[in-house]
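Notes to accompany the following structure.
Order of the sequence lines sets the chain letters (A, B, ...), proteins ahead of strands, with each chain counted from 1.
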2 protein chains.
Amino acid sequence: MAPTSQETGRETRARLLQAAAELIVEDGWGTVSTRRVADRAGVRPGLVHYHFRSVDNLLVEAALQTMRQEVDGLLSMLRGGADTGTGLEFFLDLVARYAADSETTALFSEALLAATRNERLREELAGALGECRSALTDWLAAQTGDPEAEAVSVLLLALLDGLVLHHLIDPRLRRVPLEAALRRLAGLDGPPQADDGDGSPRRHT
Amino acid sequence: MAPTSQETGRETRARLLQAAAELIVEDGWGTVSTRRVADRAGVRPGLVHYHFRSVDNLLVEAALQTMRQEVDGLLSMLRGGADTGTGLEFFLDLVARYAADSETTALFSEALLAATRNERLREELAGALGECRSALTDWLAAQTGDPEAEAVSVLLLALLDGLVLHHLIDPRLRRVPLEAALRRLAGLDGPPQADDGDGSPRRHT
DNA sequence: ATACGTCTTGGGCGTTCGACCAAATCGTAC
DNA sequence: GTACGATTTGGTCGAACGCCCAAGACGTAT
């Protein structure tokens with residue numbers, strides 16, 4: 001069964017979005033051009049401005065599509081009523097996965113920076129960030145009754161993006177175990193217990 | 001006294017670096033061009049390739065110069081043996097200042113992303129990040145004897161960059177008080193005290 | 001005064017950019 | 001089979017791009 005022209009059109013559009021997302025990560029938001037995104041997608045350059053009003057519009061669509069999937073995953077997890085254990089595991093998994101999968105990861109950072117120069121993108125991202133913060137705050141408050149739940153949510157979400165950035169430039173960071181410190185921040189654990197009484201610095205590399 | 005030609009040369013070079021740093025923030029790393037950086041610096045386009053081997057080289061120099069100042073400030077503060085109070089104040093001040101001064105702030109994020117595509121920049125930034133992590137770990141361990149000092153350092157530094165990114169796209173975040181949660185993460189405070197026993201979510205905006 | 005190194009000027013090289021368009025092609029509906 | 005909307009093609013436009021260079025201007029050392 002041969003695809004209809006509408007079907008191939010949607011396919012072309014999807015390939016352009018995918019190619020745009022890849023090029024944003026590889027070469028940076030500002031350097032993605034009509035011809036190279038078309039070349040990557042295996043279509044003619046003219047098609048870019050048929051399917052999208054402008055190159056920048058294509059980039060915004062591509063970033064939003066990719067990020068929306070990740071955000072929805074986090075939201076459904078938090079709103080699904082995950083208990084303490086699976087919730088923290090999920091967050092640690094997020095950190096680990098984002099640290100390993102630098103594809104999606106770098107796209108987030110690129111989009112956040114691009115959002116400072118594109119009003120529509122900024123509003124969309126601020127909205128998504130607010131959704132995540134609300135959901136995470138509710139989840140934390142339900143889990144721990146922590147009066148600082150909202151502040152902790154802000155910190156955890158910032159942590160995610162910051163860790164991802166730092167992992168990009170120094171993959172050795174993956175060897176630092178973060179779980180205990182994250183537990184403490186999230187209010188899921190007690191205060192720190194010094195392993196010796198003299199307060200001397202620990203060895204670190 | 002009229003400046004010598006060497007002096008005006010250094011001045012031109014400095015103006016180009018400053019203009020490059022500004023344009024990186026305003027328009028993004030990948031879009032800074034020979035002519036516009038020269039125009040911003042008030043010099044002729046040809047001078048860019050007299051003082052710098054390439055545009056990308058100019059950008060790396062500009063980013064490193066600006067970031068080195070900030071990093072040195074943090075390092076000398078930590079190594080100066082600040083006590084608990086002034087140390088945490090200093091960190092909170094950092095967050096507040098970076099959140100307000102989006103100039104320097106966005107440059108950090110741009111440079112981190114650009115570092116994923118430039119080996120020299122990546123090595124320089126990874127080195128500076130390691131220095132900060134070491135100094136912060138030592139300082140925290142000396143303050144609290146926290147066995148998790150290194151993990152906490154990784155988190156605090158990631159937090160700084162992540163918060164900065166999030167503040168860029170949603171300035172309302174500035175209204176969320178973070179001090180108590182930061183204290184808890186840094187091991188400078190006790191465990192969270194629930195203000196009510198039912199664990200119900202708090203209101204948030 | 002003459003020579004030298006540093007800095008600046010103005011322009012030109014070939015390439016790539018975003019955007020746009022008329023014509024060709026294709027399924028579908030009539 | 002004919003008309004139609006959706007899609008694709010191949011190409012052009014002016015502008016901006018990075019990089020390079022010959023010539024001039026300037027301060028300094030000899």
Does the pair [X]/[Y] count as a salt bridge with the N-to-O cut at 4.0 Å?
X	Y	result
A:Glu110	A:Arg117	no
B:Asp146	A:Arg184	yes
A:Asp72	A:Arg68	yes

For this session: Give every residue pair that meets the side-chain hydrogen bond (donor to acceptor under 3.5 Å, both in side chains) criterion with at least one member in residues 15-28 of chain A, sequence neighbours excluded.
Result: A:Gln18-A:Glu22, A:Glu22-A:Arg40, A:Glu26-A:Arg40, A:Asp27-A:Arg36
Please state how far atom [atom1] in [X] lies from atom [atom2] in [N], giving the value in whole angstrom units.
X	N	atom1	atom2	value
B:Leu58	D:dC19	CG	C1'	14 Å
A:Phe52	C:dA19	CZ	P	13 Å
B:Leu23	D:dA16	CG	C1'	15 Å
B:Arg44	D:dA22	CZ	C1'	17 Å
A:Arg35	D:dG11	CZ	C1'	10 Å
B:Leu47	D:dC19	CG	C1'	14 Å
A:His49	C:dC17	NE2	P	12 Å
B:Asp39	D:dC17	CG	P	10 Å

Exercise. If you take all heavy atoms of B:Ala111 and B:Met67, which pair is closest and at what distance?
Worked result: CB-SD, 3.5 Å
Exercise. Distance check: side-chain N/O of A:His51 vs OP1/OP2 of D:dA6, anything under 4.0 Å?
Worked result: no
Exercise. Between the main-chain N or O of A:Ala62 and the side-chain N or O of A:Thr66, is there a donor-acceptor pair closer than 3.5 Å?
Worked result: yes
Seminar exercise, completed: Testing D:dT8, C:dC7, C:dA19 for proximity to the side chain of A:Thr12, the answer is D:dT8
Problem set entry | Side chain of B:Val55 (C-beta onward), nearest among C:dA19, D:dT7, D:dG18 |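 Side chain of B:Val55 sits closest to D:dG18.
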Exercise. Where each residue is assigned the nucleotide of DNA chain C containing its nearest heavy atom, which of A:Pro45 and A:Arg36 is assigned the position nearer the 5′ end?
Worked result: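 Nearest nucleotide further toward 5': that of A:Arg36.
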Side-chain donor-acceptor pairs of residues 124-132 of chain A under 3.5 Å, sequence neighbours excluded:
none

Exercise. Using a heavy-atom distance cut-off of less than 4.0 Å, which residues of residues 26-34 of chain B contact DNA chain D?
Worked result: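 Of all residues in residues 26-34 of chain B, the ones placing a heavy atom under 4.0 Å from DNA chain D are B:Val32, B:Ser33, B:Thr34.
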